[in-house]
2 protein chains.
Amino acid sequence: MTQQNNTEKDEFDLRNFLPFLLNQAAEESSLEFQRVYKDRYGMLRTEWRVLFHLGNYGEMTARDIGSRAKIHKTKVSRAVRRLEQRRYLQRLRDDKDRRVERLSLTTSGQAVYRELRGIARDYDAKLAARFTTGEAALLRMMLRRLAGMD
Amino acid sequence: MTQQNNTEKDEFDLRNFLPFLLNQAAEESSLEFQRVYKDRYGMLRTEWRVLFHLGNYGEMTARDIGSRAKIHKTKVSRAVRRLEQRRYLQRLRDDKDRRVERLSLTTSGQAVYRELRGIARDYDAKLAARFTTGEAALLRMMLRRLAGMD
DNA sequence: GGATAATAGTTGATTTTGTAACTAACAAGG
DNA sequence: CCTTGTTAGTTACAAAATCAACTATTATCC
């Protein structure tokens, strides 16, 4: 692994490139939480997200979830089916608009959600503890802005 | 999309959960750059990363790239093969250790790298411009720490 | 009202990724 | 040397993501 290139003025370092950095940080900082929902609950990434949306915001449609979390509708559709098969959520056809399904967590879905939410809360605190309170708040603010969640 | 749940003390908001936030920010902030390497060069995410590692750091082995960027070796292997097929990189069997392949960019690989690097630089600047200089520097620092890149 | 377009969600075919098992080369210790 | 273990990289098969086409329902507007 020798140094070559960069004979021209080198104002670029991959390790500082924001999209790369964000991805590395996202990947690394979700590893531990991933192990919980994956190994312990056999859930996929999209599945815990759907579960958390329903747990956090209450009844929603697949479309709502997709647009909030920017998940493609086919991914949502498949995640919903699997959560339904595990009896974590139920669908209710909307009578006003019969294309729409109103999704909500079952009792056992809520139990799983509360369990995972506790773990998520602790894990988040652990991550944030690497910074001062002010820094962590600033970080969240900047990430929300980058994510277009303002 | 009604509000239900959270009857108990609600100290948790998905929109502030760092792993989620990081992922959303990473996803959103790489969209535009992705369009460039994907639509314009037919490259996959792992491929531009391998290309950038070689362009940025010079000759490396597949193993080096994988450990630096935390990419699994099978992913690296496949990305290398495709970049080789497109004549963007070349392999050289190491004579000291004949298991190892020393990878480096071809002339046209370097041309593509320089092109993409320029775009990356501009794009990064555009992202960083959403913050003050100090905030952006702090953001990068925090991300490096979260990514375990200290 | 009836054609046309738009929306919610699903399904199927293709591509990409993940997991394990594999080959080939080197290393260490007897 | 010669077993045993380790490392670099590839391949095969299963799982998951992507993209396009599909059904069913509602909205638009002439």
Side-chain angles (χ1 to χ4, degrees), chain A residues 1 23-24 26-28 30-31 34-35 37-39 41-51 53-54 59-86 89-104, chain B residues 1 23-24 26-28 30-31 34-35 37-39 41-51 53-54 59-86 89-104:
Chain A
M1 191 163 77
N23 201 83
Q24 296 295 104
E27 210 58 46
E28 179 65 26
S30 61
L31 269 180
Q34 180 176 33
R35 261 194 297 279
Y37 65 72
K38 206 169 177 184
D39 296 355
Y41 293 95
M43 268 192 245
L44 256 31
R45 197 204 291 247
T46 310
E47 290 166 34
W48 82 256
R49 287 193 179 193
V50 168
L51 186 91
H53 272 79
L54 294 173
E59 190 178 275
M60 296 176 84
T61 70
R63 187 188 156 284
D64 290 335
I65 297 172
S67 75
R68 274 226 193 196
K70 297 208 184 91
I71 305 172
H72 193 271
K73 61 181 182 174
T74 64
K75 260 169 116 175
V76 176
S77 173
R78 281 164 176 141
V80 165
R81 182 171 50 194
R82 294 168 77 152
L83 290 172
E84 188 189 28
Q85 283 166 349
R86 273 166 224 184
L89 70 74
Q90 58 213 352
R91 314 176 191 228
L92 210 68
R93 189 59 72 177
D94 188 317
D95 280 327
K96 311 281 179 195
D97 183 345
R98 303 189 41 72
R99 289 169 300 183
V100 172
E101 290 177 336
R102 289 160 35 217
L103 308 171
S104 56
Chain B
M1 191 163 79
N23 202 83
Q24 296 295 103
E27 212 57 47
E28 178 66 26
S30 61
L31 269 181
Q34 180 175 33
R35 262 195 296 278
Y37 65 73
K38 207 170 177 182
D39 296 355
Y41 293 95
M43 268 192 245
L44 256 30
R45 189 194 288 224
T46 309
E47 290 166 35
W48 81 257
R49 286 192 179 194
V50 167
L51 186 91
H53 273 79
L54 294 174
E59 191 178 274
M60 296 177 84
T61 71
R63 188 188 156 281
D64 290 335
I65 296 172
S67 74
R68 275 225 191 197
K70 297 210 184 91
I71 305 172
H72 194 271
K73 61 182 182 174
T74 63
K75 259 170 117 176
V76 176
S77 173
R78 291 191 260 240
V80 165
R81 181 171 50 196
R82 294 169 76 152
L83 290 172
E84 189 189 28
Q85 283 166 348
R86 273 167 224 184
L89 70 73
Q90 57 213 352
R91 314 179 192 226
L92 209 68
R93 189 57 74 177
D94 188 317
D95 280 326
K96 312 280 180 198
D97 184 344
R98 304 191 41 72
R99 289 169 300 184
V100 173
E101 289 177 337
R102 289 159 38 216
L103 308 171
S104 56

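For clarity, every value in this text was computed on a predicted model and none was experimentally measured. So you know, we letter chains A, B, ... as the sequences are listed, proteins then strands, and number each from 1.
- If you measure from atom CZ of Arg45(B) to atom P of dT17(C), you get 9 Å, rounded to the nearest angstrom.
- The base of dG12(C) is paired with the side chain of Arg78(A) by a donor and an acceptor separated by under 3.5 Å.
- Distances were taken from every side-chain heavy atom of Leu44(A) (C-beta onward) to each of dG9(D), dA16(D), dT11(D); the shortest belongs to dA16(D).
- Sequence order on DNA chain D of the closest nucleotides to Arg99(B) and Thr74(B) puts Arg99(B) first from the 5' end.
- For the pair Asp64(A) CG and dA8(C) C1', the computed distance is 11 Å after rounding to whole Å.
- When rounded to the nearest whole Å, the span between CH2 of Trp48(B) and P of dT16(C) equals 18 Å.
- If you check every strand for non-hydrogen atoms under 4.0 Å, Arg93(B) touches nothing.
- Side-chain proximity of Glu101(A) to the nucleotides dA25(C), dA6(C), dG9(C) is greatest for dG9(C).
- Without hydrogens or angle criteria, Arg93(A) side chain to Arg99(A) main chain gives a donor-acceptor distance under 3.5 Å.
- Summarising the geometry, atom CG belonging to Leu54(A) is positioned 10.0 Å from atom CD belonging to Gln90(A); distances are rounded to the nearest 0.5 Å.
- In this structure, the NE2 atom of His72(B) is 13 Å from the P atom of dA8(D), given to the nearest Å.
- The nucleotide whose nearest atom lies closest to any side-chain atom of Arg98(A) is, among dT16(C), dA16(D), dT25(D), dT25(D).
- For the pair Val100(A) and Asp95(B), nearest-nucleotide mapping onto DNA chain C gives the more 5' position to Val100(A).
- Among dT11(D), dT17(C), dC19(D), the nucleotide with an atom closest to any side-chain atom of Lys38(B) is dC19(D).
- A donor-acceptor pair is defined here as one N or O able to donate and one able to accept, closer than 3.5 Å; such a pair exists between the side chain of Ser30(B) and the backbone of Ala26(B).
- Remark: Glu47(B) engages Arg86(B) in a salt bridge, criterion side-chain N to carboxylate O under 4.0 Å.
- When the C1' atom of dA8(C) is taken as reference, atom CG of Leu103(A) falls 11 Å away, rounded to whole Å.
- Sequence order on DNA chain D of the closest nucleotides to Arg82(A) and Arg63(B) puts Arg63(B) first from the 5' end.
- Contacts of Arg102(B) with the nucleic acid, taken as non-hydrogen atoms under 4.0 Å apart, are absent.
- Looking at which nucleotide of DNA chain C each of Asp94(B) and Lys73(A) is closest to, the 5′-most match is held by Lys73(A).
- If you take CD of Gln34(B) and C1' of dA17(D), they are 13 Å apart, rounded to a whole angstrom.
- If you take CD1 of Ile71(A) and P of dC19(D), they are 16 Å apart, rounded to a whole angstrom.
- Dashed line: the shortest gap from a side-chain N or O of Ser77(B) to OP1 or OP2 of dT10(D) is under 4.0 Å.
- For the pair Lys75(B) NZ and dG18(C) C1', the computed distance is 9 Å after rounding to whole Å.
- In this structure, the side chain of Glu101(B) does not engage the main chain of Thr61(B) through any donor-acceptor pair within 3.5 Å.
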